[in-house]
Amino acid sequence: MMSRSATTVARSVLGGRNFSTAAATVFRVPSEGSQKVSDKWMRLPVLGTRNASTVALGEKRQKEEGGGAAAGGGGKDGKEIVSYWGIEPPKITKEDGTEWRWNCFRPWETYEADLSIDLEKHHAPVTFLDKLAYWTVKSLRYPTDIFFQRRYGCRAMMLETVAAVPGMVGGLLLHCKSLRRFEHSGGWIKALLEEAENERMHLMTFMEVSQPRWYERALVFAVQGVFFNAYFFAYLVSPKLAHRVVGYLEEEAIHSYTEFLKELDKGNIENVPAPAIAIDYWRLPQNSTLRDVVVVVRADEAHHRDVNHFASDIHYQGHELNEAAAPTGYH
């Protein structure tokens, strides 16, 4: 047993914290029946709770160091976030040595869009499921045209809140399938999650250009709730139908962004400077404009169109997705 003197030593060392939840603490303790300190070490149990909170430690550190500004896209109040668990955000710089301002993506996740991609490609619906997917998407376009008319900035935001859902749903279901069957996904989980993240970055970019109104935000809640559950069910029943629907959605996205470009060229929409987040994400020149952003976003949509039509074709030919290597690495 630990003697009373050893317990006192332990309490004095631990201070305001009963026992560490991060690592076991080791003390030298006196042997029983002896006033001398023995050479054996005793490991105290990792139990109990800690009294010193992360917030308190953070405030103490800020007082000692004078506080610190968070990186762009991080804390809103400029306070440094200190973790009791020893997790510190890495300090990242650009190639030119300047500080990286974004927390939502890293320099190695940036890329240059493939502007040579064919924008005119179209999958002609032949089978019943193809026609069902095609006319479902076409029927969704008409209320969108009526609601947004030529407000293409808000239309783009609404489009991206929907377009970012299929990749996440598909990736989630493939992930669970991979776990159930104890097999690899052929890279398709990564490919679909990359698609979802890319679509979300489109939304974050257009949020810098146009702010949605309150009723448009409410519409996003309703549409996303319905579409998520509908696509989830469709993917469970027929992945080839689900991917074909997304392929046609991306074709409509290409059309919408082409119309967006026409309005910019006519001067009906102001060709403002490109948001800083877009310049860094797509590695655009510093003098880029909104038109340059729309061009690269349209190229992304064309890539998603090809990937989803390809995924649907794999299923139509009687194969599983993991039998064909996924087109990863574009984003």
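Predicted model, so just to flag it, every value in this text is computed and none were measured. Both backbone and side-chain heavy atoms feed into the values below; hydrogens, waters and symmetry mates do not.
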Indicate if Leu249 and Val226 have the same hydrophobic cluster label, given that clusters are the connected sets of ILVMFWY residues with side-chain heavy-atom separations under 4.5 angstrom.
no
Assess whether side chain to side chain contact (heavy atoms under 4.5 Å, CB included) is satisfied between Gln224 and Val162, documenting all intermediate values.
CA-CA 6 Å; Gln224 190 180 83; Val162 173; over 6 Å; no
How about Thr98 and Glu95: do any of their side-chain heavy atoms sit closer than 4.5 Å?
no
Do the ring planes of Phe105 and Trp102 sit parallel (below 30°), tilted (30 to 60°) or perpendicular (above 60°)?
parallel
Locate the shortest heavy-atom distance separating Arg283 from Pro107; write the atom from each residue and the value.
NH2-O, 4.2 Å
Begin from the C-alpha positions of His303 and Asn198 and carry the test side chain to side chain donor-acceptor pair (under 3.5 Å) through to its verdict.
CA-CA 11 Å; His303 174 73; Asn198 180 248; over 6 Å; no
Pairing donors with acceptors under 3.5 angstrom, does anything connect the side chains of His202 and Glu199?
yes
As an exercise, state the distance from CG of Leu159 to CD of Glu252, rounded to the nearest 0.5 Å.
9.5 Å
Identified side-chain contact (heavy atoms from CB on, under 4.5 Å) counterpart of Tyr235 within the set Leu172, Val246, Leu173
Leu173
Which heavy atom in Leu193 sits nearest to a heavy atom in Gly171, and how many Å separate them?
CD2-CA, 4.2 Å
Taking the side chain as every heavy atom from C-beta outward, state whether Trp282 and Ser288 have any atom pair closer than 4.5 Å.
no
Do Leu261 and Ile254 belong to the same hydrophobic cluster, where Ile, Leu, Val, Met, Phe, Trp and Tyr are linked whenever their side-chain heavy atoms lie under 4.5 Å apart, directly or via other members?
no
Note, Lys94 side chain near Asp280 side chain (heavy atom, < 4.5 Å)
yes
Salt bridge check: are Glu301 and Arg298 linked by an N-O gap of less than 4.0 Å?
no
Check the side chains of His309 and Glu251 for a donor-acceptor pair under 3.5 angstrom, ignoring hydrogens and angles.
yes
Determine whether Val297 and Thr205 make a side-chain contact, defined as any pair of heavy atoms from C-beta on separated by less than 4.5 Å.
no
For the OG1 atom of Thr127 and the CG atom of Leu129, what is their distance to the nearest 0.5 Å?
5.5 Å
Under 30°, 30 to 60°, or over 60°: which ring-plane class applies to His315 and His243, parallel, tilted or perpendicular?
parallel
With a 4.0 Å cut-off, would you call Glu183 and Lys177 a salt bridge?
no
Side chain of Asn229, backbone of Gly225: donor and acceptor closer than 3.5 Å?
yes
Should Glu323 and Ile314 count as side-chain neighbours, where that means a heavy-atom distance under 4.5 Å?
no
Non-hydrogen atoms of Tyr134 and His122 that approach each other most closely:
CE1-CE1, 3.8 Å
Considering only heavy atoms from C-beta outward, does the side chain of Ser312 approach that of Asn308 to under 4.5 Å?
no
Between NE2 on residue His319 and NZ on residue Lys240, distance to nearest 0.5 Å
12.5 Å
So does Tyr281 get a backbone contact from the side chain of Thr110, meaning a donor-acceptor N/O pair under 3.5 Å?
no
Nearest heavy-atom contact between Glu109 and Tyr111 is O-CD2, 3.9 Å
Determine whether more than 12 heavy atoms belonging to other residues, nucleotides or ligands lie under 6.0 Å from atom CZ of Phe227.
yes
Do the side chains of His255 and Arg141 get nearer than 4.5 Å, heavy atoms only?
yes
According to a 4.5 Å side-chain heavy-atom criterion applied to Ile, Leu, Val, Met, Phe, Trp and Tyr, with indirect links allowed, do Val220 and Tyr215 form part of one hydrophobic cluster?
yes
Is there a donor-acceptor pair under 3.5 Å between the side chain of Ser178 and the backbone N or O of Leu174?
no
Hey, mind stepping through Leu290 and Glu270 against side chain to side chain contact (heavy atoms under 4.5 Å, CB included) and telling me if it holds?
CA-CA 8 Å; Leu290 176 59; Glu270 184 181 1; over 6 Å; no
Separation of Trp108 CH2 from Arg106 CZ (nearest 0.5 Å)
6.0 Å
With rounding to the nearest 0.5 Å, note down the distance linking CE in Met158 to CZ in Phe206.
15.0 Å
Might you work through the side chain to side chain contact (heavy atoms under 4.5 Å, CB included) test for Met157 and Thr161, ending with a clear yes or no?
CA-CA 6 Å; Met157 281 191 298; Thr161 60; 5.6 Å; no
Please tell me whether Leu119 and Tyr257 are part of a single hydrophobic cluster in this structure, the criterion being side-chain heavy atoms less than 4.5 Å apart.
no
Donor-acceptor pair, distance only, cut-off 3.5 Å: does the side chain of Asn322 make one with the backbone of His184?
yes
When you compare the side chain of Arg305 with that of His123, does any pair of heavy atoms fall below 4.5 Å?
no
Verify, without hydrogens or angle tests, whether Trp188 (side chain) and Leu321 (backbone) share a donor-acceptor contact under 3.5 angstrom.
yes
Please round to the nearest 0.5 Å and tell me the distance separating atom CG of Asp300 and atom CD1 of Ile117.
9.0 Å
Return the minimal non-hydrogen interatomic distance between Ala274 and Ile279, and the atom names on each side.
O-CD1, 3.9 Å
Going only through I, L, V, M, F, W and Y residues with side-chain contacts under 4.5 Å, is there a path from Leu140 to Leu241?
no
Heavy atoms only: give me the nearest Ala276-Arg101 pair and the separation to one decimal.
CB-NH1, 3.6 Å
